[in-house]
Structure formats: structure tokens, C-alpha cells
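Everything below concerns the one structure shown next.
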Amino acid sequence: MNNYSIEITQPYDLHQTLYSGQAFRWEYIEDTESDQSWHQGFIKNRRLRIRQSETHIHIKTTEKYTETEISDVISYLRLDDNMETIYAKISNDKYIISAIKKYQGLHILRQDPWETLITFICSSNNNIPRIRQLVNSMSLNFGQKGKDEFGVFNLFPSSFELYDAGEQSLRDIGLGFRAKYVSAAAELAVQKKINVNELINKSYQYSLGELIKIPGVGDKVANCILLFSLDKLEAFPVDVWIKRVLKEVYINKKNKIPDTKIRSWAQEKFGPYSGYVNQYLFHNRRLFEKSIMKNL
DNA sequence: ATCGAACCTCCAAT
DNA sequence: AATTGGAGGTTCG
């Protein structure tokens with residue numbers, strides 16, 4: 001086993017960040033050796049465990065890490081985001097300020113674009129536990145197998161592996177109508193008609209245009225991919241939760257406005273860090289709902 | 001351009 | 001115990 005740590009110099013909330021509905025493969029586990037709780041998952045197809053203490057992010061791996069792998073973790077967790085600046089720029093009103101205060105340290109992640117594309121195609125008309133189940137099932141059935149001291153695992157399947165799987169077997173493991181979208185997206189990737197990885201170097205607008213050409217990807221899913229994997233902090237996914245917040249706080253609720261209009265309106269209003277506003281408002285509204293459920 | 005259905009599947013709430 | 005409705009949307013007509 002190898003242990004590494006990264007000093008935290010800014011607000012960070014690892015737990016909220018990993019389970020806020022942007023990533024679907026992290027799991028909370030008890031580590032028998034250290035008798036501590038860790039989050040187990042994958043970064044750049046390497047399996048690792050991470051946890052947060054007061055001052056550090058701790059990493060535990062079964063393979064040796066060099067500076068390259070450590071900076072992959074920093075990049076994935078966006079530990080280098082300057083939260084002071086971001087908070088200052090998005091503190092437009094009381095509602096946002098209170099959400100920031102409540103979920104101090106909640107971050108956007110910088111995930112793998114291919115995996116993010118596929119998982120958010122699967123998110124359509126679906127709920128989080130089931131998205132997790134589908135992502136797991138795809139990995140188990142079509143991803144490359146591996147084994148380390150933590151045990152056996154499966155990587156998230158590559159475009160080739162999903163293309164080989166084909167629509168029917170994706171349907172068989174429960175993707176439903178999403179099976180043909182995932183299979184079509186995999187085919188496009190194999191044929192090199194799309195390359196989501198290269199979009200990290202392109203503009204928001206251009207990348208959005210490219211993404212919505214992919215079957216199963218509309219404005220909402222595209223904005224999720226842009227925000228959670230392609231480094232576009234101005235992205236603003238409009239889903240039911242965000243619509244609830246916007247209608248309750250910002251927009252006259254009687255108006256019926258198309259989602260893309262709502263998005264551009266929000267981006268105009270909230271600015272280049274709209275994605276962070278989105279994440280805090282979304283998280284706040286969703287957990288608020290949960291707390292109501294608990295009290296019943 | 002805009003609008004409402006239909007879509008796979010699971011599961012919680014009638 | 002069987003049925004219905006909705007889930008972090010997209011596509012098709």
C-alpha cells in the first residue's frame with residue numbers, strides 16, 4: 001500500500017462533492033487496515049481510495065504514484081479552483097450566499113469526458129440509484145477487468161468495448177431506450193466522427209454544438225458534460241431541480257419558457273462561473289427536499 | 001419554431 | 001395485491 005497526501009489550502013468538502021450527483025461510481029467503504037472510512041473509485045482508470053482530514057486530502061493506492069498521478073487527482077478534484085474568487089464572483093444575492101455558506105467547499109469535478117458522456121446519456125429520465133446501477137453494470141459486463149490488493153474491479157468501458165457490446169446487450173442490462181443512444185455514441189467514437197476529449201481545448205459554444213449532435217444528448221446533458229468533464233464553468237444544466245429553484249426564487253412562475261432560453265438567461269445573469277451557481281443551487285434545493293421527506 | 005407524447009425500467013405510493 | 005406515476009431528458013411527429 002502507498003499513502004500520499006495533498007494539503008488543502010481552501011474550502012473543500014470531499015463527501016458532498018463526490019455524492020452530489022455528478023459522479024456515479026464512488027463508494028463509501030470501511031478500510032480494515034486503517035480502521036477509517038474512505039471513498040473508493042477511479043481517476044484516469046486507476047483505482048484508489050481517498051479521504052479528507054482537516055488539513056489534507058489523503059490518497060491510498062496499491063500502486064506507486066509519481067507527481068503525474070498526484071496532479072491527476074488534484075485536477076480531478078479541482079483542488080486548484082480558487083474558491084475565494086469564485087465565491088466572490090457568484091455571491092449575487094442572499095439565496096446564493098446562503099447556499100454557499102451551507103455547502104462550503106462543494107466542488108465541481110473534472111471527470112473523464114467519455115465516461116461523463118455515457119453516464120449522462122444514461123441519466124435521461126432516470127434517477128441517481130439507477131444511474132449508478134447502470135454505470136456499474138456496464139463496467140461489470142463490458143469494462144476491462146483488473147485486480148489489486150483492494151480486490152477485483154472493472155474499469156469503465158471504452159468506446160470500443162461499448163461498440164462491441166452493441167445495442168441489444170446494453171438493452172439486456174437495463175438501459176432501455178438509452179441503449180440505442182449509447183451504442184450510437186460508441187459507434188461515432190469508434191469511427192472517429194466524435195472525439196469528446198479534444199473539446200476540452202475548444203470553446204463552450206463550439207463544444208455545445210458538437211455534443212448535441214450526439215444521439216441522446218440534448219441541451220441539459222451536453223451542459224452536464226461541459227461542466228463536469230470539459231472544464232467549462234460557464235455551463236448551466238437546466239433540470240427539474242434547477243427549474244424549481246429558478247421558479248421559486250428568480251422567475252415569475254407562470255411564464256412557460258423553453259429550457260435553452262432559461263439556460264442562456266441564467267448564464268447571462270450569473271456569469272462565467274454559472275456552473276458553480278448551478279451546482280450550489282441544485283444541491284441546496286435537492287437536499288432541502290430530502291430534509292422534508294425525513295421530517296414526515 | 002414550438003409543443004406534447006412516447007420512451008425502457010424500476011419502485012414507491014396508492 | 002395490482003396499478004399508476006414519476007425519475008436530474010431527448011426525440012419524433
Side-chain angles (χ1 to χ4, degrees), chain A residues 16-26 99 103 106 108-109 111 115-138 141 162 165-188 194 208-229 235-248 254-266 274-296:
Chain A
Q16 302 270 10
T17 299
L18 295 182
Y19 304 104
S20 56
Q22 35 177 338
F24 299 95
R25 236 155 75 91
W26 289 98
Y103 303 108
L106 170 64
I108 304 286
L109 293 170
Q111 303 180 69
E115 179 171 342
T116 308
L117 166 66
I118 300 302
T119 57
F120 278 91
I121 287 177
C122 292
S123 78
S124 147
N125 200 226
N126 216 342
N127 53 46
I128 291 176
R130 241 178 76 69
I131 300 166
R132 290 180 68 93
Q133 188 230 313
L134 293 180
V135 171
N136 252 326
S137 194
M138 278 189 281
N141 285 284
L162 285 178
E167 179 182 339
Q168 189 52 49
S169 36
L170 290 166
R171 211 166 258 280
D172 292 341
I173 62 168
L175 269 82
F177 65 89
R178 306 163 196 88
K180 71 169 174 293
Y181 301 146
V182 169
S183 136
E187 183 169 6
L188 288 174
I194 57 163
L208 175 62
E210 290 302 296
L211 286 172
I212 57 176
K213 289 179 188 167
I214 302 170
V217 179
D219 196 77
K220 189 269 176 183
V221 169
N223 273 275
C224 287
I225 302 164
L226 290 162
L227 183 58
F228 302 138
S229 74
F236 195 92
V238 174
D239 57 45
V240 292
W241 295 97
I242 283 296
K243 271 192 266 191
R244 281 171 198 156
V245 180
L246 294 179
K247 282 178 184 171
E248 286 159 7
K254 283 184 185 161
N255 275 352
K256 216 172 162 292
I257 312 163
D259 289 357
T260 51
K261 262 236 164 101
I262 296 181
R263 173 184 47 83
S264 49
W265 172 85
S274 289
Y276 261 107
V277 174
N278 186 294
Q279 190 66 0
Y280 277 84
L281 293 183
F282 169 76
H283 200 65
N284 191 28
R285 186 61 181 78
R286 214 166 71 82
L287 295 197
F288 171 70
E289 196 89 0
K290 265 195 189 163
S291 71
I292 294 178
M293 303 296 269
K294 247 188 208 165
N295 291 336
L296 287 177

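Just the heavy atoms: all of them, side chains too, but no hydrogens, waters or symmetry mates, feed the values below. Below, chains carry the letters A, B, ... as their sequence lines are ordered, and counting in each starts from 1. Everything numeric in this text was worked out from a predicted model, so none of it was measured.
Residues A:R263 and A:D219 are paired through a salt bridge, judged by an N-O separation under 4.0 Å between the basic side chain and the carboxylate.
Residues A:L227 and A:P237 form a side-chain contact, since some pair of their non-hydrogen atoms from C-beta on lies under 4.5 Å apart. Between A:T116 and A:C224 the shortest side-chain heavy-atom distance does not fall below 4.5 Å. Side chains of A:W265 and A:I257 form no contact here, defined as non-hydrogen atoms less than 4.5 Å apart. Using a 4.5 Å heavy-atom cutoff, the side chains of A:T119 and A:M138 are not in contact. Looking only at side-chain heavy atoms (C-beta outward), A:N278 and A:I242 come within less than 4.5 Å of each other. Using a 4.5 Å heavy-atom threshold, the side chains of A:P215 and A:L188 count as touching.
The separation between A:K220 atom NZ and C:dT11 atom P is 13 Å, rounded to whole Å. In this entry the distance linking CD1 of A:I225 with P of C:dG9 reads 14 Å, nearest Å. Remark: P of C:dG6 and CZ of A:R244 are 11 Å apart, rounded to the nearest angstrom. For A:N278 and C:dG8, the CG to C1' distance is 10 Å, given to the nearest whole Å. Protein atom CZ of A:R263 is 16 Å distant from nucleotide atom P of C:dG9, rounded to whole Å. When the P atom of C:dG8 is taken as reference, atom CD1 of A:I262 falls 17 Å away, rounded to whole Å. A straight line from CG of A:N127 to P of B:dC11 spans 9 Å, rounded to a whole angstrom. Distance, A:D219 CG to C:dT10 P: 7 Å, rounded to whole Å.
Taking atom P on both nucleotides, C:dG8 is separated from B:dA13 by 14 Å, rounded to a whole Å. On the P atoms, B:dA6 is 14 Å away from C:dT4, given to the nearest whole Å. Comparing the same atom, C1', in C:dG5 and in B:dA5 gives a spacing of 15 Å after rounding to whole Å. Across B:dC10 and C:dT11, the matching P atoms stand 23 Å from one another, rounded to whole Å. Taking the P atom of each, C:dA1 and B:dT9 are spaced 25 Å apart, rounded to whole Å.
Across all strands, A:T260 comes closer than 4.0 Å to no nucleic acid atom at all (heavy-atom distances). Residue-level contact check: A:D259 touches neither bases nor backbone, having no heavy atom under 4.0 Å from any strand. Counting any heavy atom pair closer than 4.0 Å across all strands shown, A:I128 reaches a base atom. Counting any heavy atom pair closer than 4.0 Å across all strands shown, A:G216 reaches sugar-phosphate atoms only and no base atom. Nucleic acid contact class of A:F120 (heavy atoms, under 4.0 Å, all strands): none.
With sequence neighbours excluded, no residue forms a salt bridge (charged side-chain N to carboxylate O under 4.0 Å, His left out) with A:E187. With sequence neighbours excluded, the residues that form a side-chain contact (heavy atoms from CB on, under 4.5 Å) with A:K180 are A:E167. Applying the salt bridge (charged side-chain N to carboxylate O under 4.0 Å, His left out) rule to A:K261 yields no partners; only residues at least two apart in sequence or on another chain are considered.
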Under 3.5 Å, which N/O atoms of the protein pair with N/O atoms of nucleotides 5-9 of chain B?
unit_1, atom_1, unit_2, atom_2, d
B:dC8, O4', A:F177, N, 3.0
B:dC8, O2, A:R178, NH1, 2.8
B:dC8, N3, A:R178, NH2, 3.3
B:dC8, N4, A:N125, OD1, 2.6

Under 3.5 Å, which N/O atoms of the protein pair with N/O atoms of nucleotides 2-4 of chain B?
none

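Counting all heavy atoms, side chain and backbone alike, A:A185 lies closest to A:I194 at O-CD1, 3.8 Å. Contact between A:A235 and A:L226 at its shortest, heavy atoms only, is CB-CB, 3.9 Å.
Ranked by how close their nearest DNA chain C nucleotide is to the 5' end, A:C224 and A:I214 are led by A:C224.
Secondary-structure annotation of DNA chain C gives the stems B:3-7 with C:9-13, B:9-14 with C:2-7, with a stem taken as at least 3 successive Watson-Crick or G-U pairs whose two distances both fall under 3.5 Å.
Below 30°, between 30° and 60°, or above 60°: for A:Y181 and A:F177 the angle between ring planes is above 60°, a perpendicular geometry.
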